[in-house]
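Below is one structure, written out as structure tokens; the observations come after it.
One-based numbering, in listed order, for ligands and for the atoms of each. Position 1 is the first residue of the sequence, and the numbers go up from there.
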Amino acid sequence: MSESSVLLYFDDELTLAQALGREADLPLACIERHVFPDGEIKLRLPVPLPCKVVLLRSLHQPNTKLVEVLLAARTARELGAQHLTLVTPYLAYMRQDIAFQPGEAVSQKIVGRFLAELFDAVITVDPHLHRISTLREAIPCPQALTLTAAPLLADFVHSQCKGALLIGPDEESEQWISAAARQHGFDHGVCSKTRHGDKHVEVELPDVPVHGRHVVLLDDIASSGHTLAQATRLLLQAGAKTVDVAITHALFYGDAVQVVHNAGVRHIWSTDTVAHESSCVSIAPLLALALSELDTAD
Ligand code: R5P
């Protein structure tokens, strides 16, 4: 990237923006934001804008942020941006990928097309793509790149706990578990999970000996924390010595951190896709590499 590019960010993501700006050698500019008493948002972008613009916005608490992204992207185009990239370390609305009941909105497709209409390129980390294999199937824009934090989390787990047993709390975590396990030769296994409600999940442990082991649960998202909590209770009942948690997106809504610790989790480790007290692995170098490989030619 060069003088003809800028990284736009919102003030609540300053830390990640600074790290990404350094790694990608991009100048930063903050989008000013005012929230009116009725909840409407007013944005002000820096002027003038160069022709290549990168917008950083993680989409946890997604409903407001999707409106911010809409206002920012349309304004950037008005101001002359010719190539617009969204770096959204956490991409929301990917889990509702089919209509489970007649009449349900398939949010993944709707939000994906919404973003594809706004951006030339979208970069994200460990999106929850369950029934499709590429991000472009959800976000049909010219470049839609998926990165994975699993190798970075694997390095961190290895530095903290060399002989860890890696366990994925559900079938969908298999992709991250096998990537991480390959990297350091961890023993590993994957649970099966049935979800009965937002905070009610049933988990079955894999057929892997856990007695006396230091277990690390590795997953993409912790939201209510109940998936990790339920897996932890079973692992401790089965004789695991300790259970730690390593996740990409630390959403942890409400009392989720407490829920996870109450179940017996010792440490929570996460990346900084979402700023959280558990963030200890930075995805900025990964994002910067992806930005450097984008084709931004007009
Ligand atoms: C879904 O399958 C994801 O991989 C996570 O396991 C899930 O989103 C975690 O949600 P919660 O923390 O609410 O159980």
Subject >> Nearest heavy-atom neighbours spanning Trp269 and Val216 >> reply: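 So the two residues come closest at CZ3-CG2, 4.2 Å.
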
Subject >> Atom-level proximity to ligand 1, residues with heavy atom under 4.0 Å >> reply: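 Residues Arg95, His128, Asp170, Glu172, Lys193, Arg195, Asp219, Asp220, Ile221, Ala222, Ser223, Ser224, Gly225, His226, Thr227 each place a heavy atom under 4.0 Å from ligand 1, listed by chain and number.
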
**OP:** Please tell me if the side chains of Glu13 and Ser58 come closer than 4.5 Å, counting only heavy atoms from C-beta onward.
**Re:**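 The answer is yes; the side chains approach within 4.5 Å.
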
Original post:
Quick one: are Val53 and Phe119 in side-chain contact, heavy atoms under 4.5 Å?
Top reply: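 Result no, sub-4.5 Å side-chain heavy-atom pair not found.
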
Original post:
If you draw a 6.0 Å radius around CD in Glu104, do more than 12 non-hydrogen atoms from other residues or ligands fall strictly inside?
Top reply: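 Above 12, so yes.
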
**OP:** Tell me, yes or no, whether the heavy-atom count around Asp207 atom CG, taken from other residues, nucleotides or ligands under 6.0 Å, exceeds 12.
**Re:**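 Atom CG in Asp207 is not crowded, with 12 or fewer foreign heavy atoms closer than 6.0 Å.
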
Original post:
Does Ile98 offer a backbone N or O that forms a donor-acceptor pair with the side chain of Gln96 under 3.5 Å?
Top reply: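 Yes: the side chain of Gln96 pairs with the backbone of Ile98.
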
